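Below you'll find the structure, written out as C-alpha cells, and then a few comments.
Chain letters run A, B, ... following the sequence lines, proteins first, then strands; residues in each count from 1. Every value quoted in this text rests on a predicted model; they were computed, and no experiment measured them. Computed from heavy atoms alone, side chains included, the values below leave out hydrogens, waters and symmetry copies.
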4 protein chains.
Amino acid sequence: MEDTSSRRRVPAGAKAEQRIRDILRVSRDVFAELGYERATTTEIAQRLGVSEGTVFTYFHGKRELCVRVIEDWYDEIISTLEQGMPHGQPTKAQLEFYVKTHLRLFLIQGTGLCALVLSEGRAKGPGLGEVFLPLQRRYTAPLMDLLARARSNGEIRGDLPLSLLRSAILGPMEHILWDAIARQREVDIEKTARDMVALLWPALQPVDLELEKLRGFYGEVSAALRKAAAD
Amino acid sequence: MEDTSSRRRVPAGAKAEQRIRDILRVSRDVFAELGYERATTTEIAQRLGVSEGTVFTYFHGKRELCVRVIEDWYDEIISTLEQGMPHGQPTKAQLEFYVKTHLRLFLIQGTGLCALVLSEGRAKGPGLGEVFLPLQRRYTAPLMDLLARARSNGEIRGDLPLSLLRSAILGPMEHILWDAIARQREVDIEKTARDMVALLWPALQPVDLELEKLRGFYGEVSAALRKAAAD
Amino acid sequence: MEDTSSRRRVPAGAKAEQRIRDILRVSRDVFAELGYERATTTEIAQRLGVSEGTVFTYFHGKRELCVRVIEDWYDEIISTLEQGMPHGQPTKAQLEFYVKTHLRLFLIQGTGLCALVLSEGRAKGPGLGEVFLPLQRRYTAPLMDLLARARSNGEIRGDLPLSLLRSAILGPMEHILWDAIARQREVDIEKTARDMVALLWPALQPVDLELEKLRGFYGEVSAALRKAAAD
Amino acid sequence: MEDTSSRRRVPAGAKAEQRIRDILRVSRDVFAELGYERATTTEIAQRLGVSEGTVFTYFHGKRELCVRVIEDWYDEIISTLEQGMPHGQPTKAQLEFYVKTHLRLFLIQGTGLCALVLSEGRAKGPGLGEVFLPLQRRYTAPLMDLLARARSNGEIRGDLPLSLLRSAILGPMEHILWDAIARQREVDIEKTARDMVALLWPALQPVDLELEKLRGFYGEVSAALRKAAAD
DNA sequence: GATGAATGAGATTTCATTCAT
DNA sequence: AATGAATGAAATCTCATTCAT
C-alpha cells in the first residue's frame, strides 16, 4: 500500500524477532480487551515494560500493529484447522472437528479479536477491511473444501449454494459465541459442538423428495387438525 | 443517576421532535458508518448543517445519543416483526416471514448498527452493554415464541435446547449479512430467505428415530463404499 | 463606562421594576451559592421560571447582573448600618452595634457574596474591581466616622493610623465569618459581638504611658522569673 | 480513588523535577492572578513556552495542578513560620515575628492565592475545599501554639476563647492585605507589623479588673461631661 | 415583552507519533 | 536499539448571548 521502507528501518535479527513476538502477543491481549480505538500504545508498552518509543521502532504505527495482530491470529486458526482436520474420517466427524476446534479457538481469546475484525473490518477510509477479506477466505477454505468434497460425493445436498451451507455452519457458531460473551456464560464446547452438528446435519442431507412431500403433507394435516380442534 | 437539576432543559414541541428525529437519523448513519469511537459529534452536526452546540441542546452527550440511536433501531425492528408476523399461518411460513423481514431490515441500514452493538456492547467499563441486553432479548422474543409454540405442538424437535435452535436461525442470517457487506454484494432477499428456510427446516424437524438410523446406516455404507472405491 | 444605551432598551414601568427585583433576588442567591464563574444565566432563569432570554432583556449580561447584585447588597448593608447606628450612646455601645449588625448581615447571606466580592473584585481585565472600591468605602464609612469622632474626643488612641484600627475591627469579623463557613459551624452572634468588643476595646484605649511602662516592666520581670524557674 | 492503571506515568528525574517546579511556579502566578475558573491550562502552557499537552504529562488535570499549587504555597509558609519562630524570645517578640513574616509572605504573592483558597475552598460539589481545611489548620498551628503557651503562663488573657484571639490577629492582617491589594498601595511591612502588635498587644493582656473598673468609670464620666458641655 | 432554540468560541483532556539523547 | 518527554491535532462538552417568532 505504502512505501514505508524509506521511513524507517525495522531492526532484524533473533533478538528483534523475539521483541516483535512479544509486542504482538501483548498487543493481541490489549486489542482483544479494548478494541482498536480504546487500546493505546501506552498501555501496550507499559504491559511489556518497555518504553512507548520501542513499539514504534518495530511497527510503523498502531494500525499496522493491529493488522499484524489479526493476521497472526488468523494464521494460527488456519494452520490449526488445516493441520488437525481428520481427512480420513467421515464427513460428519470432520465437521464435528471443525466446529469443536472453531469454538475452542475462539473461546480462548477469539471473541475480542473477532469483535475487532467485525468492527474494524468495516471501517471506512484507510480501513483494515482490505486486509481481512483474503484472510477470511483462507480461514473458511477448510470448511468450503470439506463441503465441496462431500457434495461431489452426494453426501450433502446440491440444491442450494455452498455459501449458504457455509453460513449455516459458521453463523450459528458465531452467534453462540457472542451470546456466551454477552451473557458471560461458560460454554461446554464438546457438548455444544455435538449438539450443533446433530442439529445441522439433517439440514445438509440431500433432499429426499418423496420424504419431503410426505412431511409437507403430514405438517399440513397436523396443522389443519389442530385448527379444527381449536375452533 | 445524574444531577440534572441545573442542566438546560431539552426543548419539547413539534419542531423540537422533528429536530430530534433529524439528529437521530443522521447520527444513525454516522454511528453505523464509523462505529462509536470514530463517529464525532462534529461530523453529525456538519451533516445536519447545524452548529455543534445544537446536538448537545437535544442530547446530553455522545453516549446518550448513541444509546438512543440503537434503542430506536431496535424498536423499529421489534415492532415490524411483532406487527407483521402472520400468526394464523403455518410455522414454516411464519419462519420465512421472520427471516425475510430480518434480512430486509438489516440490509437497509442494519449492518453498521449491528456492528455497533456487537463491538460497543462488549466494551468494558461504563459501556453501552447494559443497555443492549434487554433490547436483544425483546428482539429475539418473537422468534423464541414461534419456536416454543411449534415445539409444544410437536412441530419441531424437542431434543435440543431452544437457544441452540435460535442460534441456528439467527446466526446464519447475520453471517450472510456480514458476508454481503464485506464483499459488497447485493443480496436477493426473497430467494435467500426461501433458501435459508429450505435449508434449516429439516434441521428443526423432530428426529424420526427409525429414519435417522436408516440414514446413519446409509451414510456409513456410502462412505465405506467411496473409500473402498478410492483405494 | 460603556455606552450601552444604544445596544438595547431596558423596559421601564412598575411591572418591569418588579421583574428586575425578582431577577436580582434570585441572582443574588445563585451568585452567592456558586460564585461568578460557576453561576449560570440558565440556572437563574430556571429558578425564576422565566426564559433565558428574559434575563438579557433587563440586564446587558452576566457581568452587569453581578455588579448590580453586589451593589444592591452593599446598599442594604450600608443603609442598615447608617440608619440603625445609635449615635447618642457611648462609643463602646455603638461599636457593639456595628459589630453585631455586621455579623448578622453577613451570616444571613453575606458569606457567599463576600467571597464573590473578594474573588471577583480582584479579577484583572474588564474587572468588577473598579466598581467595588467606592462601595467598600461607603460601607466602612460609618465605622470610620465612629472612630474619627471617638479619637477627636480622646476616647481612643491617636498614636496609630485610623486605617489600622479599622482593620483591627473589620478583619477579625471577616475572619470569624470565614472560619464559621469553612467549618460549617453556627455562630452565636450576640455573644461573639460582645466578646469581640471586650477583646478589642482595650486595644483602642489611649496609651497610658506610665501604665504601659509599668506593664512592660512587669512583663519582663515575670518572663525573667519564669525562665529562671525553668532552668 | 481513581483508576490510574493505564494512565501514562509521570516522568521522574532531575529534569522532570525542574519541569514540575516550573509548571508549579507559572501555575501559581496564573491561578493567583485569575482564580481557578478563569485560569486556563492553555495560558499556563503558553507562559511556559511549552505545548498544552506537556502540562498534562506532569499533572493529571487542572484540579490536581491547583491543589498542588496551594499545597506548595502552604508548605512554604508553614515551614518559614516554623523554622524562623524565635522561641527563646518574649511572647511579644514572637508575635511580632509571626505578623511580620505573615505579611511579607502574603505580600510577595499570597493575596491571589489567598483569594483562591477563600473562593475555591467554598465551592460546592467536588470542590477543593476538603483539601484546604487541614492545610489551614497546620498554617495557624504556630500561632495557636504561641497563644496557648502564653496563656498557660498567664501572659495573655484567659477569659475569651483562643479562636477569638486568633481571629483578632489573623483577621486584621488579612484585612490589611486585601486593602493594600484593592488600593494597589505599598505596605511598609516592618512598620505595619510593629503597629499591629502595638495595637493588639493590650487587647491580649489579662484583664485588670480594678483598672477596668476605673477605666469604665473614667469613660462614663468623660462622656457625661462632653454631653453636658454640648448641651 | 417574552421566548427559547441556535450559536460558536473556548476549555479541558487524550494519545499516536517523533526525535534528541 | 532504546528511551520517554514533548508535541499538537482533535474530540467532547459548556454556556453567555442573540434574534426570529
Inset, instruction - Go through residues 39-49 of chain D and report each residue with a non-hydrogen atom lying under 4.0 Å from DNA chain E, sorted by number. - result: D:A39, D:T40, D:T41, D:T42
Inset, instruction - Between C:E52 and A:K15, name the one whose nearest nucleotide on DNA chain F is closer to the 5' end. - result: A:K15
Legend entry - Distance test, side-chain N/O of B:Y58 to OP1/OP2 of E:dA6, below 4.0 Å: yes
Inset, instruction - Check the side chains of A:T54 and A:S51 for a donor-acceptor pair under 3.5 angstrom, ignoring hydrogens and angles. - result: yes
Legend entry - Nearest-angstrom distance from the residue atom CZ of D:R63 to P of E:dA11: 17 Å
Inset, instruction - Find the distance D:F59:CZ to E:dT12:P and express it as a whole number of Å. - result: 15 Å
Inset, instruction - Grab the CZ-P distance between A:F56 and E:dT18 for me, whole Å please. - result: 7 Å
Inset, instruction - Grab the CZ-C1' distance between D:F31 and E:dA11 for me, whole Å please. - result: 13 Å
Inset, instruction - Kindly write out the residues that satisfy ring pair (Phe, Tyr, Trp, His ring centres under 6.0 Å) with D:F56, not counting sequence neighbours, or none if the list is empty. - result: none
Legend entry - Cation-pi check, D:R68 onto D:Y58 ring (under 6.0 Å, within 45° of axis): no
Legend entry - Separation of E:dA5 P from B:I23 CD1 (nearest whole Å): 12 Å
Legend entry - Rounded interatomic separation in angstrom, taking NZ from D:K62 and P from E:dT14: 15 Å
Legend entry - Whether C:E64 side chain and C:H60 backbone form a donor-acceptor pair below 3.5 Å: yes
Legend entry - First encountered from the 5' end of DNA chain F, between B:G61 and D:T57: D:T57
Inset, instruction - Just jot down the ring pair (Phe, Tyr, Trp, His ring centres under 6.0 Å) partners of A:Y74, sequence neighbours excluded, or say none. - result: A:Y139
Inset, instruction - Sequence neighbours left out, what passes salt bridge (Lys or Arg N to Asp or Glu O under 4.0 Å) with D:R47? Give chain and number order. - result: D:E33, D:E43
Legend entry - Close side-chain approach of B:T57 and B:R19, heavy atoms under 4.5 Å: no
Legend entry - Separation of F:dA11 P from B:L65 CG (nearest whole Å): 16 Å
Inset, instruction - Could you say whether B:G53 or C:R19 is positioned toward the 5' end of DNA chain E, judged by the nucleotide with the nearest heavy atom to each? - result: C:R19
Inset, instruction - Just compare E:dA6, F:dT3, F:dT7 and give me whichever is closest to any side-chain atom of A:S51. - result: F:dT3
Legend entry - All salt bridge (Lys or Arg N to Asp or Glu O under 4.0 Å) counterparts of A:E71, not counting sequence neighbours: none
Legend entry - Ranges pairing with ranges for DNA chain F, where each run has three or more Watson-Crick or G-U pairs under 3.5 Å: E:2-21 with F:2-21
Inset, instruction - State, yes or no, whether a side-chain contact exists between A:L65 and A:L24 at a heavy-atom distance under 4.5 Å. - result: yes
Inset, instruction - Could you check how far CD of D:E37 sits from P of F:dC15, rounded to whole Å? - result: 9 Å
